[in-house]
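Chain identifiers are assigned alphabetically (A, B, ...) following the order of the sequence lines, protein sequences preceding nucleic acid strands; residue numbering begins at 1 within each chain. Atom set for the values below is all heavy atoms of this structure, side chains included, hydrogens, waters and symmetry mates excluded.
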Amino acid sequence: MTEKGSPNHHPEIVEAGATMTLDELCLSCRVEAGWILELVEHGAIEAIGRSRSDWQFSHVTIVRVAKAKRLERDLALNMPGVALALELLDEIDELRSRLKAAESRR
Amino acid sequence: MEFKDYYAVLGIDRSATQDEVKRAYRKLARKFHPDVNREQGAEDKFKEVGEAFEVIGDPEKRAAYDQLGENWKPGEDFQPPPNWDAGFEFSGGGPGEGRDYSDFFEQVFAGMRQRQHAPRGGAEFHARGEDHHARIVVDLRDVFQGATRTISLRVPEIDESGHLNIRDRTLNVKIPKGVSEGQTIRLKGQGSPGIGRLPAGDLYLEVSFKPDQLYRVSGRDLYIDLPVAPWEAVLGASVKTPTPAGAVMLKIPPNSFQGRELRIKGRGLPAGEPGDLYAVLKIVLPPADTDKAKKAYEDMARDLAFDPRAKFGA
């Protein structure tokens with residue numbers, strides 16, 4: 001179904017600088033706070049702040065948590081597995097962009 | 001509707017044990033998971049594999065499918081016989097919510113799905129709508145001009161009677177000028193509708209760039225191959241170079257060499273601090289296809305004491 005005559009949407013760029021609270025992150029990704037805590041404990045995502053009560057998360061964390069949730073659900077991974085997968089995917093992204101840059105210079 | 005050969009999708013034999021089915025599925029799921037595999041078509045393949053496993057991985061559905069599938073070949077036009085599933089007991093556990101299945105699956109196995117219930121009446125219930133995530137591939141040119149692009153999303157929805165429907169949803173999205181690869185953009189209120197008084201969720205789109213014919217992207221910087229004649233490289237020249245914001249005259253310093261990168265400041269991706277454009281010199285040799293051209297090369301060979309292999313010694 002095409003929404004004919006639908007308005008143009010003006011999205012905003014999600015900046016790494018903007019932050020959100022634990023509650024907001026849980027709400028956005030539909031996950032429990034305990035699950036976020038586990039992600040933080042496994043170093044899969046970074047929390048800013050000393051104690052849980054004043055934790056803040058960079059806005060780009062949303063994408064990462066959503067990805068973690070998909071990996072856990074679709075591939076039946078446990079938390080260390082999710083953390084490892086995210087880390088390896090980061091590394092692949094990094095290597096890909098270095099490869100791209102190296103190809104540019106060839 | 002076409003018959004789907006779920007065994008072929010999983011790459012297994014019809015006689016495979018449940019353990020073998022599981023192994024094949026897990027391997028393919030890891031391989032084609034859209035977060036792991038960025039190739040085009042990976043997501044469709046992942047869904048296909050998931051659908052096949054829903055059926056073949058479940059002994060009850062597998063038995064029904066086997067009986068059904070005996071005389072069918074993949075791709076053949078297919079209508080399930082009436083009451084084909086009589087005599088099979090399905091212990092619930094229908095397809096997961098929010099997934100999208102082939103027509104074949106919908107027609108054959110939809111009946112086995114548990115009905116999903118809307119929130120019951122009584123106490124008022126409020127919840128903010130869920131945020132959605134998707135990926136968007138944009139043209140480099142759109143990033144410069146901030147063009148409006150139409151994107152299509154497939155949204156699973158539960159209707160009033162509890163059926164799962166896939167709705168194709170088209171959105172006009174203005175690509176924010178200067179978005180870079182891997183960044184995420186947010187469309188407020190374009191996720192799931194909220195329940196009660198609370199607002200709808202947001203739609204998050206992860207941006208990646210379509211490969212461009214002219215420019216390569218590295219962070220905020222762009223690279224372009226700039227073909228030059230040998231004399232332009234050696235003697236220096238001023239040549240017209242395309243940039244996404246319009247052509248510029250680029251000065252090539254004398255004694256330039258193959259692969260030299262010349263920076264054109266601020267002509268990369270737009271941003272608060274825009275990237276740069278690098279012109280990478282590619283020296284192109286003129287063909288010796290006329291007597292005159294041949295003579296020019298012969299003159300050079302005679303007049304220049306040039307040994308390109310001097311470094312080899314001997």
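For the side chain to side chain contact (heavy atoms under 4.5 Å, CB included) with Val14(A), the qualifying choice from Gln183(B), Arg186(B), Glu206(B) is Arg186(B), the only one to do so.
Using non-hydrogen atoms only and a strict 4.5 Å limit, the part of residues 65-72 of chain A facing chain B consists of Ala66(A), Lys67(A), Lys69(A), Arg70(A), Leu71(A). For a heavy-atom cut-off of 4.5 Å, chain A lies close to no residue in residues 207-215 of chain B. Interface residues of residues 50-57 of chain A toward chain B, defined by a heavy-atom distance below 4.5 Å: none.
In terms of heavy atoms, Pro11(A) sits closest to Pro176(B) at O-CG, 3.9 Å. When all heavy atoms of Ile62(A) and Tyr204(B) are compared, the pair lying nearest together is CD1-OH, 3.0 Å.
Residue Ile185(B) holds its CD1 atom at 12.0 Å from NE2 of His10(A), rounded to the nearest 0.5 Å. The distance from atom CG of Asn172(B) to atom NE2 of His9(A), rounded to the nearest 0.5 Å, is 7.0 Å.
The number of heavy atoms from other shown groups lying within 6.0 Å of NZ (Lys22(B)) does not exceed 12. By the neighbour-count criterion of 12 heavy atoms within 6.0 Å, atom CD of Gln258(B) is densely surrounded, having more than that number from other residues, nucleotides or ligands. Atom NZ of Lys174(B) has more than 12 neighbouring heavy atoms from other residues, nucleotides or ligands inside a 6.0 Å radius.
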Donor-acceptor contacts under 3.5 Å from residues 76-95 of chain A side chains, at least two apart:
| unit_1 | atom_1 | unit_2 | atom_2 | d |
| --- | --- | --- | --- | --- |
| Asn78(A) | OD1 | Gly81(A) | N | 3.0 |
| Asp90(A) | OD1 | Arg64(A) | NH1 | 3.2 |
| Asp90(A) | OD2 | Arg64(A) | NH1 | 3.2 |
| Asp90(A) | OD2 | Arg64(A) | NH2 | 3.0 |

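Among the candidates Val173(B), Asp35(B), Leu187(B), the residue making the largest number of heavy-atom pairs closer than 4.5 Å to chain A is Asp35(B). When Val179(B), Ile224(B), Leu203(B), Thr150(B) are compared by the number of non-hydrogen pairs under 4.5 Å with chain A, Val179(B) comes out ahead. By number of non-hydrogen pairs under 4.5 angstrom with chain B, the leading residue of Ile13(A), Val60(A), Leu27(A) is Ile13(A). Among the candidates Asp221(B), Val36(B), Ile175(B), the residue making the largest number of heavy-atom pairs closer than 4.5 Å to chain A is Val36(B).
Proximity to chain A (any heavy atom under 4.5 Å) is restricted, for Thr148(B), to the side chain, taken from C-beta onward. Contacts between Val63(A) and chain B at a heavy-atom distance below 4.5 Å involve backbone atoms as well as side-chain atoms.
The shortest distance between side-chain heavy atoms of Asp202(B) and Ser28(A) does not fall below 4.5 Å.
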